Amino acid sequence: HSVLFLQPGERMAQVSVCISLYNYQDYIVETLESVYKQTLEQIDLIIVNDASTDQSAMITQRWLERRRSRFNTIRFVEHTQNSGLAAARNTAISLVETRFVFILDADNALYPRCLARCLETLESSTLAFAYPLIEKFGGTSGVIGNLVWNRDRLAHNNYIDAMALIRREALMSVGGYSAMAVTGWEDYELWCKFAERDYSGILVPEILARYRVHGNSMLQATTNKTGNIEKVKFDMKQRHPWLLLDEIATG
């Protein structure tokens, strides 16, 4: 990868926000602004542009130049060719210097207290990650992520979004995210790897993040298409034979 923007940190932050970016020029500023407005003081920001073909990189670079003083370390890097979600997230994680990582996609957003509350909750436990309630916005509304961690429930379907604060050592110990033949279930696959290591997560029972529902999302554009959903289920069951995915609705 090549470096587009670098700001070495002067202090020691506890949390790095890792954003994977691919052709989301219309959403990236709103996402970045939501990180800018966090009540948590020290934040490292890592963004990986996965060879976007729109103006995403330029828009992000301009924003960073304007807002750089808010953050401790900033690393904005670019893949020379599109490598997929897992690779983009893993590149970001490889650049992390903090104990905790918050995964954020470039079309979602955080409420101001998100990082602070997740950090508070995770630090007062020995668990691997903390995840908040998430409000859906855009094409539909509602709340997701309102179920407590339970391995048996995970066997049937994924109920935890990518937007979670994760201990970096836990991520590294399972090798980060896995590349999948059909993209879209990388988060689910990570939580399955965590379950197999007996890692647990803790629900922060507050709405602290926002999940954008739109037709261009990866799940809508790729994963849920006929044929692909069967492939991704087969892939998951090959990797994690304890999964019981036949009951998942494909709609």
Side-chain angles (χ1 to χ4, degrees), residues 1 17-28 31 46-54 56-57 60 77-95 101-109 129 131 134 136 138-140 144-145 154-164 166 171-172 174-196 209-241 243 245-246 248-251:
H1 59 259
V17 176
C18 291
I19 299 176
S20 46
L21 172 61
Y22 178 67
N23 286 357
Y24 274 163
Q25 63 178 19
D26 296 339
Y27 307 130
I28 184 60
T31 300
I46 298 170
I47 307 164
V48 177
N49 177 37
D50 194 23
S52 295
T53 55
D54 64 1
S56 293
T60 301
V77 304
E78 181 169 60
H79 286 164
T80 50
Q81 60 185 50
N82 183 258
S83 307
L85 183 64
R89 287 191 182 157
N90 288 338
T91 295
I93 293 161
S94 73
L95 299 172
V101 176
F102 194 95
I103 302 295
L104 181 59
D105 290 333
D107 55 343
N108 294 331
F129 65 102
Y131 58 101
I134 297 169
K136 293 198 284 190
T140 183
I144 55 175
L154 199 68
H156 294 274
N157 67 318
N158 185 30
Y159 52 92
I160 301 170
D161 186 68
M163 284 186 277
I166 311 171
L171 270 172
M172 301 307 276
V174 298
Y177 288 87
S178 303
M180 301 184 74
V182 175
T183 194
W185 280 21
E186 287 84 355
D187 312 323
Y188 190 12
E189 210 274 328
L190 178 72
W191 305 137
C192 289
K193 289 197 289 189
F194 273 23
E196 287 160 2
R210 308 184 76 212
Y211 178 92
R212 187 188 300 272
V213 179
H214 59 99
N216 296 331
S217 73
M218 188 183 295
L219 283 175
Q220 295 302 323
T222 306
T223 320
N224 292 342
K225 288 201 167 161
T226 309
N228 281 355
I229 196 78
E230 286 73 24
K231 282 180 196 158
V232 81
K233 280 190 195 178
F234 180 78
D235 189 5
M236 287 290 287
K237 289 182 91 159
Q238 294 292 105
R239 294 167 193 247
H240 311 286
L243 292 178
L245 295 180
D246 296 325
I248 288 188
T250 56

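Owing to the predicted nature of the structure, the values given are computational and were not obtained by experimental measurement. What's counted below: heavy atoms across the whole structure, side chains too, no hydrogens, waters or symmetry copies.
- If you take CD1 on I166 and CZ on F102, they are separated by 9.0 Å, rounding to the nearest 0.5 Å.
- A donor-acceptor pair is defined here as one N or O able to donate and one able to accept, closer than 3.5 Å; no such pair exists between the side chain of S20 and the backbone of D105.
- One distance of note links OG of S178 with CE of M236; it measures 9.0 Å at 0.5 Å rounding.
- With hydrogens and angles ignored, the 3.5 Å screen pairs a side-chain donor or acceptor of N90 with a backbone N or O of A86.
- Between the CG atom in L21 and the CD atom in E78 there is a gap of 9.0 Å [rounded to 0.5 Å].
- Taken from CD1 in I144 to OH in Y159, the straight-line distance is 14.0 Å, to the nearest 0.5 Å.
- The only option from H214, R212, R210 that meets the side chain to side chain donor-acceptor pair (under 3.5 Å) definition with D107 turns out to be H214.
- A 4.5 Å side-chain heavy-atom check between Y22 and L85 finds every atom pair outside the cut-off.
- With hydrogens and angles disregarded, a donor-acceptor distance shorter than 3.5 Å links the side chain of D50 to the backbone of G84.
- With a 4.5 Å cut-off on side-chain heavy atoms, T60 and N49 do not count as touching.
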Q) Could you go step by step and tell me if V48 and H1 meet the side chain to side chain contact (heavy atoms under 4.5 Å, CB included) rule? A) CA-CA 9 Å; V48 177; H1 59 259; over 6 Å; no
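- Side-chain N or O atoms of N23 include none that pairs as donor or acceptor with a backbone N or O of S52 at under 3.5 Å.
- Side-chain contact between I103 and V101: present, with at least one pair of heavy atoms (C-beta onward) separated by less than 4.5 Å.
- By the salt bridge (Lys or Arg N to Asp or Glu O under 4.0 Å) test, D187 pairs with R89, sequence neighbours left out.
- The nearest pair of heavy atoms linking T31 to A106 is OG1-O, 3.0 Å.
- Applying the salt bridge (Lys or Arg N to Asp or Glu O under 4.0 Å) criterion to E189, with sequence neighbours excluded, gives K193.
- In this structure, L245 CG and N158 CG are separated by 10.5 Å, a value rounded to the nearest 0.5 Å.
- Of the listed residues (R239, Q238, K233), just one forms a side chain to side chain donor-acceptor pair (under 3.5 Å) with D235, and that residue is R239.
- At a threshold of 4.5 Å between non-hydrogen side-chain atoms, the residues D26 and D54 do not count as touching.
- The closest donor-acceptor contact from the side chain of Y188 to the backbone of L154 lies under 3.5 Å.
- Between the CG atom of N228 and the CH2 atom of W185 there is a distance of 11.5 Å, given to the nearest 0.5 Å.
- Take F129 and apply the ring-ring contact (aromatic ring centres under 6.0 Å, His included) test, not counting sequence neighbours, and it matches Y131, W149, W191, F194.
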